[in-house]
Peer 1: 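Structure below; questions to follow.
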There are 2 protein chains.
Amino acid sequence: MQNFNIKELAKALGLSTSTVSRAFRDNSDISKETKERILAKAREFNYQPNHYASNLREQRSKTIAVIVPELANNFFSQAIHGIERVARDKGYHILIYATEDDYEKEVSFIRHLHNGRADGIIMSVSGEANDHTYLNELSQKRLPLVFFDRVYEDIITPRVITNDYDSSFSATEHLIKQGCKKIAYLVINKNLSIGKFRMQGYIDALAKYEIPFDDRLVVDCTNSYAKNNLILKRLLVDVGPDGVFTSVERLAFATYYACYDLNIQIPQQLRVIGFSSLEIAPLLNPSLTTVTQPATKIGIEAANLLFKMLEAPETVDPNEEIVLNSKLIKRRSTEK
Amino acid sequence: MQNFNIKELAKALGLSTSTVSRAFRDNSDISKETKERILAKAREFNYQPNHYASNLREQRSKTIAVIVPELANNFFSQAIHGIERVARDKGYHILIYATEDDYEKEVSFIRHLHNGRADGIIMSVSGEANDHTYLNELSQKRLPLVFFDRVYEDIITPRVITNDYDSSFSATEHLIKQGCKKIAYLVINKNLSIGKFRMQGYIDALAKYEIPFDDRLVVDCTNSYAKNNLILKRLLVDVGPDGVFTSVERLAFATYYACYDLNIQIPQQLRVIGFSSLEIAPLLNPSLTTVTQPATKIGIEAANLLFKMLEAPETVDPNEEIVLNSKLIKRRSTEK
DNA sequence: CATTCTTTTGTAATCGATTACTGTATCTTA
DNA sequence: TAAGATACAGTAATCGATTACAAAAGAATG
């Protein structure tokens with residue numbers, strides 16, 4: 001099937017393809033009348049310059065790839081929303097990839113993107129990876145990359161993160177001030193930078209108030225709801241913390257469920273605080289005290305940074321790091 | 001800057017580009033040894049066939065576009081997750097567009113996609129549109145389109161929806177059985193098919209139990225949190241319903257907030273049920289009775305349907321309609 | 001050994017848009 | 001009026017991969 005292309009349009013107008021092409025781009029010389037005539041005809045036939053032909057010729061795709069661990073997650077969907085807004089304003093399109101925390105998929109996505117499909121990548125890394133050298137292949141080709149939130153520390157590229165250490169310190173301190181003496185820290189992957197920073201804030205806050213660190217209170221959880229439920233119940237029964245600080249939203253929910261199951265009252269018997277982007281945290285039973293990251297803002301900043309790399313690479317320091325502040329929002333789950 | 005392309009690779013191997021190209025596609029004849037040799041070399045140089053060149057030549061993009069009203073929404077992020085999974089299995093990529101319920105953006109996205117960027121479209125429509133003819137331009141070009149959840153009734157194309165009428169009937173019936181006599185129905189856009197079907201279920205359930213229909217109880221809300229809060233407070237104070245059925249998740253949350261503000265007890269003074277894909281509905285205060293759509297499944301089915309259209313168009317009836325069942329999950333917000 | 005068939009590889013046209021270069025028409029100015 | 005300037009439009013090469021067709025090499029057959 002023959003498509004309606006620039007040749008057809010040129011023929012219909014009695015012009016050459018070069019003239020028609022010029023009508024769609026601003027830089028070249030073409031008379032106003034001719035341009036109008038061409039654009040009118042194009043609208044009539046609903047003609048759009050073929051994206052693949054122009055990109056092949058121009059060597060850029062006006063597309064950015066967004067790689068995230070999961071989609072059905074408040075933080076990431078808000079961040080993507082921010083990215084999408086910036087991209088649309090710039091006339092860029094976004095490709096979405098979900099790794100589901102699978103290292104193989106992450107590598108495979110990145111490798112695929114070497115084929116010119118995207119001009120740049122915005123990525124929040126999966127937790128499982130150990131060997132990140134595949135990303136350096138990337139930088140050889142200079143495909144611009146921006147990390148957000150979850151980063152690999154050994155890869156040098158601009159990043160947008162939040163003040164995780166401070167937030168964790170404050171969150172832990174808040175629990176302590178509310179009277180907690182045995183505070184558990186729940187994490188999904190201790191090795192990921194984000195887990196480490198958040199944990200350090202927790203540790204240092206304990207130290208400041210001279211609360212001894214107990215590693216039975218640091219619990220490495222999984223992505224499985226059922227397993228987490230078991231792990232948490234065991235923690236609550238065997239170790240018996242009086243406060244819980246969760247490094248990811250999902251673990252705060254898991255804590256609620258475990259408490260419901262065990263008939264433990266929040267906040268009377270257990271105070272809970274967690275990193276979370278849930279907009280309806282006030283509606284929970286009890287309303288959840290959160291460390292809330294500016295998710296949409298993070299997406300916007302990451303996209304802006306990537307566009308800066310695309311438009312003026314020399315102005316971007318590869319070590320550039322934008323740090324946004326999370327907010328500690330106190331609610332009933334940590335009341336005295 | 002000269003890219004590393006098929007020519008370079010061919011030169012490095014002392015072969016022609018056609019032979020190299022054949023190594024990357026299964027159908028053609030090429031000796032096993034040569035193929036191995038080529039693939040090994042390609043790995044060494046980290047070569048990937050340029051996506052734009054092959055798509056230009058092959059006239060398909062292995063990409064599908066997903067257009068949704070919003071991203072930061074449980075239902076849509078779960079649906080996209082389902083679509084992404086199917087697409088990845090098929091080796092397809094997905095482009096994401098958020099219309100933010102803006103008709104202009106919807107039209108603009110669709111028009112842009114005429115340029116060969118995507119092989120097909122999966123879409124949940126924005127509510128604002130009245131003139132849908134721009135979609136028919138689409139079908140002239142036969143760019144396959146699948147609707148999911150929110151559809152335009154006047155456009156003939158396959159669709160994946162849920163049994164909204166039945167669900168609404170059941171939801172309303174459930175409220176009635178719990179003793180409600182003055183049930184409000186909250187909707188965002190009455191004209192959208194989804195609003196209509198859901199409303200009809202509500203109306204018919206009232207009729208079955210001989211409860212007179214009162215149009216003051218049907219409230220058209222907005223996308224603005226602040227405005228909805230005012231509208232709902234007015235409803236609760238002036239009209240004083242004893243039950244609320246919300247056609248979208250957000251309005252159930254808005255009802256909770258309004259009740260908190262007015263110190264109205266749920267479920268004692270007001271029972272609430274709503275369409276919602278919120279996974280933590282059990283954690284709300286009180287836990288929310290929901291009509292839960294199988295969001296991920298809807299995404300999977302929509303993607304499967306689109307791939308069927310791409311792979312064997314003749315097997316797909318343009319009027320095909322897949323209807324999945326939502327689940328009514330009873331929780332505390334509708335207890336007696 | 002000559003002939004035919006099969007396997008493997010190469011040549012060159014093609015996809016659609018862009019743009020450097022070239023050509024033509026119109027306008028200015030001495 | 002002639003020479004140069006300016007505005008506009010066309011020709012053809014190019015981006016990188018694919019593939020119909022052609023060619024060459026090797027295998028099989030009488």
Side-chain angles (χ1 to χ4, degrees), chain A residues 1-39 41-42 45-63 91 112-119 141, chain B residues 1-39 41-42 45-63 91 112-119 141:
Chain A
M1 177 183 37
Q2 177 70 22
N3 281 326
F4 188 81
N5 56 25
I6 197 171
K7 261 188 209 162
E8 306 276 324
L9 183 58
K11 209 196 301 177
L13 285 156
L15 290 169
S16 76
T17 61
S18 61
T19 308
V20 174
S21 175
R22 276 191 269 260
F24 287 93
R25 345 211 81 239
D26 306 333
N27 51 337
S28 304
D29 328 88
I30 184 174
S31 75
K32 220 173 224 166
E33 300 79 45
T34 316
K35 183 167 176 176
E36 284 304 317
R37 202 159 64 87
I38 293 171
L39 292 181
K41 203 77 172 176
F45 287 115
N46 200 29
Y47 165 79
Q48 292 272 119
N50 182 289
H51 182 248
Y52 291 98
S54 17
N55 289 149
L56 173 58
R57 176 61 213 238
E58 293 198 53
Q59 303 285 45
R60 68 205 172 95
S61 61
K62 282 230 170 195
T63 301
H112 261 97
L113 290 170
H114 274 237
N115 66 2
R117 192 150 226 204
D119 296 340
K141 291 233 176 184
Chain B
M1 180 183 35
Q2 178 69 21
N3 280 326
F4 188 81
N5 56 25
I6 198 171
K7 261 188 208 162
E8 305 276 324
L9 184 58
K11 210 197 299 176
L13 285 155
L15 290 169
S16 77
T17 61
S18 61
T19 310
V20 173
S21 175
R22 276 190 270 259
F24 286 93
R25 345 210 80 238
D26 306 332
N27 52 336
S28 304
D29 326 88
I30 184 174
S31 75
K32 220 174 226 167
E33 300 79 46
T34 316
K35 184 168 176 175
E36 286 304 319
R37 202 158 65 85
I38 293 170
L39 291 182
K41 203 78 173 177
F45 286 116
N46 199 31
Y47 166 79
Q48 292 271 120
N50 182 289
H51 182 249
Y52 292 97
S54 18
N55 289 150
L56 174 58
R57 177 61 214 239
E58 294 198 53
Q59 300 286 45
R60 68 203 172 95
S61 60
K62 282 232 171 194
T63 300
H112 260 97
L113 290 169
H114 275 237
N115 66 3
R117 192 148 226 208
D119 296 339
K141 291 234 177 183

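Below, read A as the first sequence line, B as the second, and so on, with proteins coming before strands; counting in each chain starts at 1.
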Peer 1: So, is B:Arg25 near the phosphate of D:dT19, with a side-chain N or O under 4.0 Å from OP1 or OP2?
Peer 2: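 So the side-chain polar atoms of B:Arg25 do come within 4.0 Å of the phosphate oxygens OP1 or OP2 of D:dT19, strictly under.
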Peer 1: Report the residues that fulfil salt bridge (charged side-chain N to carboxylate O under 4.0 Å, His left out) with B:Glu36, sequence neighbours left out, ordered by chain and then residue number.
Peer 2: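 In terms of salt bridge (charged side-chain N to carboxylate O under 4.0 Å, His left out), with neighbours along the sequence ignored, B:Glu36 is linked to no residue.
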Peer 1: Are A:Tyr52 and C:dT14 close enough that a side-chain N or O sits under 4.0 Å from OP1 or OP2?
Peer 2: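 No, outside the criterion.
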Peer 1: Return the set of residues passing side-chain hydrogen bond (donor to acceptor under 3.5 Å, both in side chains) with A:Ser21 (not counting sequence neighbours), or none when no residue passes.
Peer 2: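 A:Ser21 satisfies side-chain hydrogen bond (donor to acceptor under 3.5 Å, both in side chains) with no residue once adjacent residues are dropped.
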Peer 1: Roughly how many Å is it from CZ in A:Arg117 to C1' in D:dA17, rounded to a whole number?
Peer 2: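 About 15 Å, once rounded to whole Å.
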Peer 1: Write down the distance between CG (B:Leu9) and C1' (D:dT18), rounded to a whole number of angstrom.
Peer 2: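 Nearest whole value for this atom pair: 15 Å.
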Peer 1: My understanding is that only residues two or more places apart in sequence, or in another chain, count here; which of them pass salt bridge (charged side-chain N to carboxylate O under 4.0 Å, His left out) with A:Arg37?
Peer 2: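 Listed in chain order: nothing, the list is empty.
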Peer 1: Who are the side-chain hydrogen bond (donor to acceptor under 3.5 Å, both in side chains) partners of B:Ser16, not counting sequence neighbours?
Peer 2: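 Result, side-chain hydrogen bond (donor to acceptor under 3.5 Å, both in side chains) vs B:Ser16: B:Ser18, B:Thr19.
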Peer 1: Check side-chain hydrogen bond (donor to acceptor under 3.5 Å, both in side chains) between A:Thr17 and all other residues, then give those that pass, not counting sequence neighbours.
Peer 2: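 Partners of A:Thr17 by the side-chain hydrogen bond (donor to acceptor under 3.5 Å, both in side chains) criterion come out as none, since no residue qualifies.
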Peer 1: Across nucleotides 6-13 of chain C, 5' to 3', mark each nucleotide with B, S or - according to how protein heavy atoms within less than 4.0 Å reach it.
Peer 2: --BBBB-B
Peer 1: Expressed in angstrom and rounded to an integer, what is the separation of B:Phe24 atom CZ from D:dT19 atom P?
Peer 2: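 Atom-to-atom, B:Phe24 to D:dT19, this comes out as 14 Å.
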Peer 1: Expressed in angstrom and rounded to an integer, what is the separation of B:Asn55 atom CG from D:dT18 atom P?
Peer 2: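 Value for this atom pair: 9 Å.
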Peer 1: Take atom NZ of A:Lys7 and atom P of D:dT11, then tell me their distance rounded to the nearest Å.
Peer 2: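 Going from NZ in A:Lys7 over to P in D:dT11 covers 12 Å.
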Peer 1: If I take atom CZ in residue A:Phe4 and atom C1' in nucleotide C:dA17, what distance separates them, rounded to the nearest angstrom?
Peer 2: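 For the pair A:Phe4 CZ and C:dA17 C1', the rounded distance is 14 Å.
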Peer 1: At under 4.0 Å, does any side-chain N or O of B:Asn5 touch on OP1 or OP2 of D:dG16?
Peer 2: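 Yes, because at least one side-chain N or O of B:Asn5 sits under 4.0 Å from OP1 or OP2 of D:dG16.
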Peer 1: Atom CG of A:Asn50 and atom C1' of C:dA17: how far apart are they, to the nearest Å?
Peer 2: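 So the CG-C1' distance, A:Asn50 to C:dA17, works out to 8 Å.
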Peer 1: Does B:Ser61 have any side-chain contact (heavy atoms from CB on, under 4.5 Å) partners at least two apart in sequence or in another chain, and if so, which?
Peer 2: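 Here the qualifying residues are A:Tyr52, B:Asn55, B:Thr63, B:Asp119.
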Peer 1: Respond yes when some side-chain nitrogen or oxygen of A:Ser54 is under 4.0 Å from OP1 or OP2 of C:dA17, and no when none is.
Peer 2: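 No.
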Peer 1: Roughly how many Å is it from CZ in B:Arg60 to P in C:dT14, rounded to a whole number?
Peer 2: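 My rounded result for the distance is 22 Å.
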Peer 1: For D:dG16, take OP1 and OP2 only and decide whether either is under 4.0 Å from a side-chain N or O of A:Gln59.
Peer 2: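 So the side-chain polar atoms of A:Gln59 do come within 4.0 Å of the phosphate oxygens OP1 or OP2 of D:dG16, strictly under.
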Peer 1: To the nearest 10 degrees, how far apart in direction are the end axes of the helix from C:dC1-D:dG30 to C:dA30-D:dT1, each fit to five base pairs?
Peer 2: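 Taking five pairs per end, the axes differ by 50°.
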Peer 1: Going by the salt bridge (charged side-chain N to carboxylate O under 4.0 Å, His left out) test, which pairs reach into residues 45-57 of chain A, not counting sequence neighbours?
Peer 2: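 Residue pairs with at least one partner in residues 45-57 of chain A: there are none.
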Peer 1: Is there side-chain contact between A:Asn5 and A:Glu8, with at least one heavy-atom pair below 4.5 Å?
Peer 2: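 SC-SC contact between A:Asn5 and A:Glu8 confirmed.
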Peer 1: Can you tell me how far NE2 of A:His114 sits from NE2 of B:His51, rounded to the nearest 0.5 angstrom?
Peer 2: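 Here the interatomic distance stands at 15.0 Å.
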